[in-house]
Structure formats: structure tokens, C-alpha cells
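Written out below as C-alpha cells is the structure these notes cover.
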Amino acid sequence: MTDRPRCRFAPSPTGYLHVGSAHSALCNWLFARANGGEFLLRIEDTDAERNRPELTDNILDMLRWLGLEWDGEPLHQSNRFDEYRAAAERLIAGGTAYWCDCTSEQVQARNKERGGKPGYDGYCRDRGLERGPGRALRFRVPDEGVTGWDDVIRGKVSFENADIEDFVVVRSNGNPTFFLANVVDDEDTAISHVIRGEDHVNGTPKYLLLRGALGFGDPPVFAHLPFLVNAQRKKLSKRRDDVSMLNYKERGFLPEAMRNYLALLGWGPPDGVEVRPIEETVEMFRIEDVNPSPAFFDHKKLEFVNGEWIRRIDLDDFIARAREFVDGVDEQTALRALGPLAQERVKVLSELPDYFDWITEPADDTRSWDKAMKLPVAAAALDGIIDAYGDAPWERDELHARFMALAERLETSASKLQGPIRVSVTGRLVGLPLFEILEYLGRDESLARLRAGRARLA
RNA sequence: GCCCCCAUCGUCUAGUGGCCUAGGACACCACCCUUUCAAGGUGGCGGCACGGGUUCGAAUCCCGUUGGGGGUGCCA
């Protein structure tokens, strides 16, 4: 093993980067950074039919957004078919691969006859077929023996060779499969640590067998990460779960929060401090401490962590990030003025519009109106506050003081009194602190809205 | 079916044979603070799946059971 460990993240551009892949990328990145190693990127695009090249851009963009910078240029498998072919030739020459012309229908039919056992039955093993159209190259798996490894996360894992079928390494269209390309690339890029999802555990013996047949030296160290699962404890999937990283970005999750939360799945900081800069996690992260059991991707906790991060960044930074979630020049001006009040309230940036939708006119929210205005004190509250504010110096503390005085005079709670006022001014029963809003709107606009509210109530 | 993996509060985790009367965090509940909502503070609820071993001693080691998940593609 070299001094500088080398690991890689190897996504396939068949979908947007999702949280499960991001978790895997993060673990690789943390491992590399924690050990002075290198974090490489490889685009696994051997299947021309399924690939969507534009998705590669999304994957790279999201990794950058998360701050997971990689070393060197990404390797594209589609550029390396010559290397894979050369490896395939060596397998043929070494007698560990053979050509097969079985269609999957034929294989299935034979399996059904034999009693429903799935998998390839080795039909073409000794037929001595030459290469030709419609023929795939299969790896000849030994009939006996055991293939295993010592997984950094799971301990010893092994498979009986007899349980492994002869798998395809070159498709009948001439393209290599994942197994071949993966092994060849890891060797050529001197990968020392393969850190990937649990779904690859079953494929690892094939990886090892292939390496052996190709005459490669000591295999890399393996670490199979736990799945991220949904509430039903099933592996997160893009079909049924909310997993697109781009989606989270667009909803106002901060990259600092996202990677912070992801680092908490399958691993915990030894000192128990969960919300912290990633640099600190780098210092503490050890891949062997990752635990093997699946982790539920908990939106509630993600939101909590995000809220913590929103409060952690400085005000200018907050406003800069918040701007793209708040439409309208007037709203953005208000955001600048009232930013600190919003910053301590939201968990996700996409909540912001609701805090600023009263700028040009009160928001239309009948539920809020009904709830506030059904209070017996509503009319007196509005009359009283309009009167009290008529000649008031227009600043927060004074508005508050006169409000409290009115509450005392009307023998009602401040909590009840603010309802009708807030709804008249903003249209909503919840929102930023009332007196800051009044101060911001100014005397004329505030009084006009209060009078309009009073008129509507009557 | 076969193969493989997993198993501490609802959730994420700490725990690597005695420090465990199992710790922290999220969520939830209550109270405090309070102009709403948040934030903050205090407290509460709640767990070692089960059965056998090993050991003076087991959440920690072994075996089995049960439960869950994954793989079983000429996808990756």
C-alpha cells in the first residue's frame, strides 16, 4: 500500500446526484482528506444507451456545491474502451473467459426446466465458441473455493465460488461491463481504498476474481458503506423518495448543512458535537468507525441542522444567499433591513417568501383574518392603536410602549391585542416581530392599513 | 428459491467485557421567556429484538431464532 491512500467516487450519469451517492462521495472525500490521500472522480459511462452526458454536469456541479473538491481530472470510462478490450484479451488468452451466444430468454428457459434457479448455467463454458456477432464474453468462475476479503466496515465477508455465476465482462455489442471496467480502472489509477455502497458487497468477489485472473497484485482495501434508507427502511431510490441534491439546493438547504448532516449518518463524532464545520469532521473522521447498519435519512434532523447553519453564517452572507429566494425589489430591500429577524427564524431558505409577502400590501390569508378578528377585542384594539399611534414618534420602542399601554387600558393580553393589528398590517397571524414591521412600513402606510382593517371589520 | 449484509430510545448515534442506574442529538410533551412564530432555557417520555451459551461479570464475545434490507441484468 502506498503512503498516500487513493480513493474514488464513481457515479454513473444515469440520474441527478442523489443524497445516497453524495453520502458515498462525502465518505470518500473525508477519508482522503483525513489521511492525506487523494480523492478521484470517475464517470462510469460504459452503457451508452442509458447515459445522459448532461447529467455528468449536474453531478460535478453538486459535488462542487457541497465543497467536495476532487483531485485531478475526472476519468471517463467511455474514453478507455481500448484498455478494457486489452484486459479482455488477456482473460481470453489466460483461459479464464469464454464466448457465449445464449440469449437471456434461453438461459431463463433452461433455468425453468432445471427448477427455477436464476443465473447463468455455464452452458457455453466448453463449447469453444469463437468471437462473433451476438456473442458476449463471460468470465469463467472457479467451481470451488471461497472468495472473500476483510471489509474495513463489515469485517470478514466471503462467498463460495460455486454460488457465483459466470458473469459477462464484454457485452455482445463489444462494450465492457461495469465489472471489467471497474477493476481495470482501479488498477490503472492505483486505487488503494474502494469505499462504496453496500449494494456492491455481492459484486466484490467478482471484482476479486477478475483481479486475480488479470494478474493484478494485492487488491485494494474495501469499505462498504451502509445504505441511506427511507421510513420504510428501504434503500433510498429516486423513484419513490425525495433524493435529488439539486432539489435540496433549490429548496434552500445550505451546502454546509447538507454535508454536515450527511456526515452524521453511519458515523458520529467522538466528542458528541454534531453541528460543526466540516474541517473539524475531517480531523476526527475514521472510515473504520463507520457503522455497517443502514441509516434513515431524516428530513426533520436535516432541517434542524440547516437552521443551525443559517443562524451560524454572518448577516451579509445570509442576505446574499437569501436574496435568490425572495422575489421583488421591495421585498429584497426589506430583507436587507429585517434580515437578522428572519435569519433566526427559518430552517430552510424557501420559507423566506412567507416572511416578506406583506411589503406591498397585506397578504391574503382568510384563516388568519378570521382567527384574529373573531376576538371580541378586535375592534377596540384597532380603534385604540390607530388613536395611540396617530401622533407617535415612529420608532420601534415607542410603538411597543404605546401598544403595551393600550393592552393595559383594554385589560387584555399583549398576545391577543397584537393579533388584529398584525393581521391588518401583514395579513398573517404569524411573521416577523410586529413593531419592527410597523417601523419599517412607516407611519402613513401602517395607519392606512390599520384603518383599512378596521373598516373591513365593521 | 439461493447468496450476502444488518440489529442500542420513534430517528441518528456513544458504547469495543466491569466506569451502564446505557450517554448525547433530532423529534415529541410540559414549563419558563415572550407582541405572533421562531430562537433560547429547564424538565420529561423513551432503547440494548428474542433464546441459548462463554465468563466471577455481557449492550459489548460465540451459536441459533426472529425481524429487516440488499443482490441474484449483455444496469452501475
Side-chain angles (χ1 to χ4, degrees), chain A residues 10-14 44-47 49-50 77 100 102-104 107 115-120 134-138 151 153-154 157-160 162-165 167-179 181-182 196-205 224 226-227 229 231-235 261 264-275 291-305 307 311 341-347 351 354-355 368 372 399-400 403-404 407 413-419 421-423 426 428-436:
Chain A
S12 171
T14 53
E44 307 226 315
D45 52 358
T46 55
D47 187 351
E49 299 195 354
R50 284 166 209 262
Q77 292 190 324
C100 167
C102 299
T103 62
S104 64
V107 175
K117 291 188 190 108
Y120 183 67
R135 290 179 182 176
L137 188 69
R138 285 185 184 272
D151 197 282
I153 294 173
R154 284 153 213 281
V157 182
S158 63
F159 292 76
E160 294 282 341
D163 291 327
I164 304 166
E165 63 178 308
F167 54 97
V168 171
V169 289
V170 178
R171 301 188 181 94
S172 56
N173 68 6
N175 290 351
T177 60
F178 160 78
F179 296 112
N182 215 250
R196 58 199 334 189
E198 183 187 342
D199 45 344
H200 290 291
V201 168
N202 293 271
T204 301
H224 286 96
F227 279 131
V229 299
Q232 288 72 237
R233 298 254 119 205
K234 299 211 186 286
K235 178 174 76 156
Y261 176 62
L264 262 19
L265 297 177
W267 180 84
D271 61 4
V273 179
E274 296 191 323
V275 179
N291 60 40
S293 49
F296 172 55
F297 187 76
D298 188 347
H299 289 235
K300 283 266 183 61
K301 185 146 185 179
L302 204 212
E303 288 188 0
F304 165 79
V305 174
R311 265 159 251 127
L341 302 174
Q343 186 176 9
E344 66 184 13
R345 252 155 267 260
V346 296
K347 283 191 160 79
E351 293 168 30
D354 283 355
Y355 281 99
S368 288
L399 297 172
H400 186 214
F403 167 88
M404 293 307 289
S413 68
S415 171
K416 281 182 180 147
L417 185 60
Q418 64 96 38
I421 300 171
R422 176 180 289 280
V423 170
T426 70
R428 291 184 187 280
L429 211 38
V430 302
L432 300 176
L434 181 57
F435 306 106
E436 281 81 352

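By convention in this document, chain letters (A, B, ...) are assigned in the order of the sequence lines, proteins followed by strands, and residues within each chain are numbered from 1.
The phosphate of B:U36 (OP1 or OP2) has no side-chain N or O of A:Lys416 nearer than 4.0 angstrom. For the pair A:Arg171 and B:G73, the criterion of a side-chain N or O lying under 4.0 Å from OP1 or OP2 is not met. A:Thr46 has a side-chain polar atom (N or O) that falls below the 4.0 Å cut-off from OP1 or OP2 of B:A76. Contact annotation: A:Lys234 side-chain N/O to B:G69 OP1/OP2 distance is under 4.0 Å. OP1 or OP2 of B:C74 has at least one side-chain nitrogen or oxygen of A:Arg138 nearer than 4.0 Å. In this structure, A:Asn291 reaches the B:A14 phosphate: one of its side-chain N or O atoms is under 4.0 Å from OP1 or OP2.
For A:Trp267 and B:U13, the CH2 to P distance is 12 Å, given to the nearest whole Å. Distance A:Lys300 NZ to B:A25 P: 18 Å, rounded to the nearest Å. Taking atom CZ of A:Arg428 as the reference point, atom P of B:U35 lies 23 Å away to the nearest angstrom. Distance A:Asp47 CG to B:C75 P: 6 Å, rounded to the nearest Å. Separating the CD1 atom of A:Ile164 from the P atom of B:G73 is a distance of 13 Å, rounded to the nearest angstrom. Distance CZ (A:Arg233) to P (B:G67): 17 Å, rounded to an integer number of Å. Computed from coordinates, the A:Asp354 CG to B:A38 P distance equals 14 Å when rounded to whole Å. B:C75 atom C1' lies 13 Å from atom CG of A:Asp45, rounded to whole Å.
Separating the P atom of B:G44 from that of B:C62 is a span of 36 Å, rounded to the nearest Å. Taking atom C1' in both B:A76 and B:G71, the straight-line distance is 13 Å, to the nearest Å. With both ends at atom P, the span from B:U60 to B:U8 equals 12 Å, rounded to whole Å. For the P atoms, the distance linking B:A25 with B:A14 amounts to 15 Å, nearest Å. Distance noted for atom C1' between B:A27 and B:G47: 15 Å (whole Å). Taking atom C1' on both B:G51 and B:G67, the two are 14 Å apart, rounded to the nearest angstrom. Nucleotides B:G24 and B:C6, compared at atom P, are 28 Å apart to the nearest Å. Here, B:C20 and B:C48 have their C1' atoms 11 Å apart, quoted to the whole Å.
The OG1 atom of A:Thr426 sits 11.0 Å away from the CG atom of A:Asp354 when rounded to the nearest 0.5 Å. Rounded to the nearest 0.5 angstrom, A:Ser293 OG and A:Ile153 CD1 are separated by 11.0 Å. How far CD of A:Glu49 is from CG of A:Asn173: 7.5 Å, rounded to the nearest 0.5 Å. A:Glu198 contributes atom CD, which lies 4.0 Å from atom CZ of A:Arg154 (distance to the nearest 0.5 angstrom). Residue A:Ile421 holds its CD1 atom at 6.5 Å from CZ of A:Phe435, rounded to the nearest 0.5 Å.
For A:Phe304, the listed nucleotide lying nearest its side chain is B:C26; candidates were B:C26, B:G69, B:A76. With B:G71, B:U72, B:A76 as the candidates, the nucleotide lying closest to the side chain of A:Glu165 is B:U72. Closest contact between the side chain of A:Tyr355 and the listed nucleotides B:G71, B:C37, B:G69 involves B:C37. For A:Phe178, taking side-chain heavy atoms from C-beta onward, the closest of the listed nucleotides B:U35, B:A76, B:U11 is B:A76. Distances from the side chain of A:Phe159 to the nucleotides B:C5, B:C3, B:C12 place B:C3 closest. The nucleotide whose nearest atom lies closest to any side-chain atom of A:Ala295 is, among B:C5, B:U13, B:U36, B:U13. Listed nucleotides: B:U35, B:U11, B:G70. Nearest to the side chain of A:Lys235: B:G70. Comparing B:U11, B:A7, B:A76 against the side chain of A:Phe179 picks out B:A76 as the nearest. Listed candidates were B:A27, B:C12, B:U35. Nearest to the side chain of A:Lys347 is B:A27.
Residue contacts for A:Ala414: at a heavy-atom cut-off of 4.0 Å it reaches the sugar-phosphate backbone alone, with no base atom in range. Within 4.0 Å (heavy atoms only), A:Glu344 reaches at least one base atom of the nucleic acid. At a threshold of 4.0 angstrom between heavy atoms, the contacts of A:Gly266 are confined to the sugar-phosphate backbone, with no base atom among them.
B:G43 and B:C29 make up a base pair, with Watson-Crick or G-U wobble contacts both under 3.5 Å. Within the shown strands, B:C56 is the pairing partner of B:G18 under the Watson-Crick or G-U definition, both distances less than 3.5 Å. Here B:U36 sits opposite no nucleotide as a Watson-Crick or G-U wobble pair (both hydrogen-bonding atom distances under 3.5 Å). Pair check for B:C75 finds none; no Watson-Crick or G-U wobble contact set falls under 3.5 Å.
Lacking a ring centre under 5.5 Å from that of the base six-membered ring together with a plane angle below 30°, A:His200 does not count as stacked on B:G71.
Applying the 3.5 Å distance criterion, the base of B:C74 shares a donor-acceptor pair with the side chain of A:Ser172. With hydrogens and angles left out, the side chain of A:Glu274 and the base of B:G24 share a donor-acceptor pair within 3.5 Å. Checked by distance alone, A:Asn202 brings a side-chain donor or acceptor within 3.5 Å of a matching partner on the base of B:G70.
The aromatic ring centroids of A:Phe304 and A:Tyr261 lie 6.0 Å or more from each other.
Contact detail for A:Gly119 and A:Val107: the closest heavy-atom pair is O-CG1, 3.7 Å. Minimum interatomic distance between A:Asn182 and A:Gln77 (heavy atoms only, all atoms of both residues): N-NE2, 4.0 Å. Residue A:Glu44 comes nearest to A:Ser12 through the heavy atom pair O-OG, 3.4 Å, listed as atom of the first residue, atom of the second, then distance.
Across the interface with RNA chain B, nearest-nucleotide mapping of A:Pro433 and A:Arg154 shows A:Arg154 to be the residue nearer the 5′ end. Between A:Ser12 and A:Val346, the one whose closest nucleotide on RNA chain B sits nearer the 5' end is A:Val346.
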